[in-house]
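Along the sequence shown, residues are numbered consecutively beginning with 1.
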Amino acid sequence: MSVIIEHTGLIESSYVLKSFLRFLYSPSGLTQPLKLTYPETLDRIKEEFQFLQTQYHSLKLECEKLATEKTEIQRHYVMVRQTHTHTPQLSFASGIRCNTHPNSRHLSSRCLTLKRVLFQGSDAEKSDDNLVVDEDPSSPRSVQSYSSRENGLDKLPPSRKEPQASPTSLASSSSAASPSRSKEPPPVPLGLRNPLAVQGGYPPGAFGLPPPGVNGELAGAAGYGAGLHLVSPQMNGSAAAAAAVAAAAAGYGRSPVVGYESPHPHMRVPGLPASLQSTASGKPAYSFHVSADGQMQPVPFPPDALLGPGIPRHARQIHTLSHGEVVCAVTISTSTRHVYTGGKGCVKVWDISQPGSKSPMAQLDCLNRDNYIRSCKLLPDGRTLIVGGEASTLSIWDLATPTPRIKAELTSSAPACYALAISPDNKVCFSCCSDGNIVVWDLHNQTLVRQFQGHTDGASCIDISNDGTKLWTGGLDNTVRCWDLREGRQLQQHDFTSQIFSLGYCPTGEWLAVGMESSNVEVLHVSKPDKYQLHLHESCVLSLKFAYCGKWFVSTGKDNLLNAWRTPYGSSIFQSKESSSVLSCDISPDDQFIVTGSGDKKATVYEVIY
């Protein structure tokens, strides 16, 4: 309000000055009794100028203050949305309640002022009461197994309230690699944009099987026995198509699954021409190839998209680990016997080698009770666990002793750590900090070796190449950066139109998968201007992990989904819908198990079926 009043005063002062000058120098004004000498006129103008200058500086300071608070709220808003998923609903109208910042009350009181001044007319103002952090915990869980070579699925992300973009801009603005160079920092990202609060579109117990064929055409079914009856043959346009799908599914050796009608038949990718939205069979496409010039085309999946060694058929849930708090971090041991789940203040250790109900075998108290664990990494020997979260200190745990204990602590200047990575030789740890820096730690000497500086906002995710020479980081500044670990410098920068929440580097090289706040998953070639854009998530992509064989990867999101994708073109292998936002995931080193952590205070262990 003070800004508006001062702005009004500035306008009135300008009006007074113009009126005075008009009176002074108009012919009628010269005949008036009031006559000012030139020095007096100059003094009056000088006073008026000084008054206007004071008003200008006051407004400038207020704007700078608001911009600073906006940036701070952005950062904590992201933390709220990713970690406070147990809260049914958060809105700007009621104020952000966040334990991660000591001045949360002050921030929430300033939030409405920020909205009025900086976001007038934006979607954030239109959707104050719709910022749903977590969906209905009673929503059904199901696993969809797609034996699909066709890039067409009756399900796509709903249209967003965003300006129509060209195919080039839809491809994520300019995500082509640019060499590292000195440049002005990008504008502060619009981190207050409301995510979509959309319930998962699959009906209870439903399973989906798009027909296998290039661009919607069915593969030849000769020689295959028909063993699948679809509840909804309209999915394929005719009963004959349904039979062909059944035959093809039998040919793949997949278990019979039930088809479904699209709950969102009119969903389209925003900004993409209608001619590119669907395949030849009329089904909406979900995987697009983006060429060097930004042109997007639906991907014709190869015949062996879901065949061959190392490609899963589906996944089966085998354990539910009731952590008791929102699970923001998970990891599984090399032996696949132990699972580690990070929530508020602590990491719990679980033995999953035996069937039956589970209770934790140990609890590692790492942080203050109200602070969340954001990442935990286990060294391959299973004897050391490194934990980071909403604190300036990383803790290194010795698991080889009868009772796990902290053997070292690493302290940086950043208030929080969002993600961790370990070098292939297990000698170095990398931590993504909330101030945007990447801190490099010597694990043997427990010392800070180096900091990579470049991100202009929090560094949110990280992965390292198998040879240990390159580091990839994503940030809330809408960028993905590649760092040369031998020379200690930035090699590449990819710019996007959305905040980066997760990424993974393919163990076999060449491909980098990126999960975004916008719900897209993008798979970039690391040395060519070539990439794929995948559209099956409905909301933020919160975690992402490649299988160790490199042939597939998984992504999880705020839409309760676990998606498994074929590398690199993104043919959907299987999909699991959990009962709440899925915040974290990990894959065992033998690619036999997947672990997820979710907002309904539990972790889920899946067995991968080949």
Which residues pass the side-chain contact (heavy atoms from CB on, under 4.5 Å) test with [X], not counting sequence neighbours?
{"X": "S291", "value": "H289, D293, Q295"}
{"X": "S543", "value": "T556, C585"}
{"X": "I318", "value": "R316, F593, V605, E607"}
{"X": "D463", "value": "L503, Y505"}

(request) State, without any angle test, whether Y606 and S576 hold a side-chain donor-acceptor pair at a distance under 3.5 Å. (result) yes

(request) Check the side chains of E578 and N560 for a donor-acceptor pair under 3.5 angstrom, ignoring hydrogens and angles. (result) no

So, taking the atom named [atom1] in [X] and the one named [atom2] in [Y], what distance separates them when rounded to the nearest 0.5 Å?
{"X": "Q499", "Y": "D477", "atom1": "CD", "atom2": "CG", "value": "9.0 Å"}
{"X": "Q493", "Y": "T479", "atom1": "CD", "atom2": "OG1", "value": "5.0 Å"}
{"X": "I352", "Y": "I332", "atom1": "CD1", "atom2": "CD1", "value": "4.0 Å"}
{"X": "H314", "Y": "I609", "atom1": "NE2", "atom2": "CD1", "value": "5.5 Å"}
{"X": "K558", "Y": "L542", "atom1": "NZ", "atom2": "CG", "value": "8.5 Å"}
{"X": "M516", "Y": "C540", "atom1": "CE", "atom2": "SG", "value": "12.5 Å"}

If you take all heavy atoms of [X] and [Y], which pair is closest and at what distance?
{"X": "P507", "Y": "A547", "answer": "CG-O, 3.4 Å"}
{"X": "P312", "Y": "I573", "answer": "O-CG2, 3.3 Å"}
{"X": "E390", "Y": "D370", "answer": "OE1-O, 4.4 Å"}
{"X": "A513", "Y": "F546", "answer": "CB-CE1, 3.7 Å"}
{"X": "S584", "Y": "C328", "answer": "CB-O, 3.4 Å"}
{"X": "S460", "Y": "A419", "answer": "O-CB, 3.6 Å"}

(message) Parallel, tilted or perpendicular, judged at 30° and 60°: which one describes the rings of W350 and H323?
(response) tilted

Minimum side-chain heavy-atom gap [X]-[Y] below 4.5 Å:
{"X": "Q592", "Y": "V608", "value": "no"}
{"X": "C461", "Y": "I500", "value": "yes"}
{"X": "L562", "Y": "T604", "value": "no"}
{"X": "F501", "Y": "V541", "value": "no"}
{"X": "S287", "Y": "F301", "value": "yes"}
{"X": "Y532", "Y": "E522", "value": "no"}
{"X": "L536", "Y": "L561", "value": "no"}
{"X": "V523", "Y": "K531", "value": "no"}

(message) Applying the side chain to side chain donor-acceptor pair (under 3.5 Å) criterion to D600, which one of S580, S579, S322 satisfies it?
(response) S579

(message) Run Y418 and S434 through side chain to side chain contact (heavy atoms under 4.5 Å, CB included) and show every step you take.
(response) CA-CA 7 Å; Y418 289 161; S434 55; 3.6 Å; yes

(message) Run the side chain to side chain donor-acceptor pair (under 3.5 Å) test against S588 and tell me which residues pass, sequence neighbours left out.
(response) D590

(request) Please report the C-alpha distance between S571 and L306 in whole Å, then the side-chain angles of each, then the deciding distance to 0.1 Å, and finally whether the side chain to side chain contact (heavy atoms under 4.5 Å, CB included) criterion is met. (result) CA-CA 8 Å; S571 178; L306 301 180; 3.8 Å; yes

(message) Please check this pair: side chain of K577 against backbone of D559, looking for a donor-acceptor N/O pair closer than 3.5 Å.
(response) yes

(request) Let me know which of V526, I464, I462 forms a side chain to side chain contact (heavy atoms under 4.5 Å, CB included) with W472. (result) V526

Acceptor/donor pairs from residues 548-555 side chains to any protein atom, 3.5 angstrom cut, sequence neighbours excluded:
| residue | atom | partner | partner atom | Å |
| --- | --- | --- | --- | --- |
| K551 | NZ | P309 | O | 2.7 |
| W552 | NE1 | G310 | O | 3.2 |
| S555 | OG | H537 | NE2 | 2.7 |
| S555 | OG | W565 | NE1 | 2.8 |

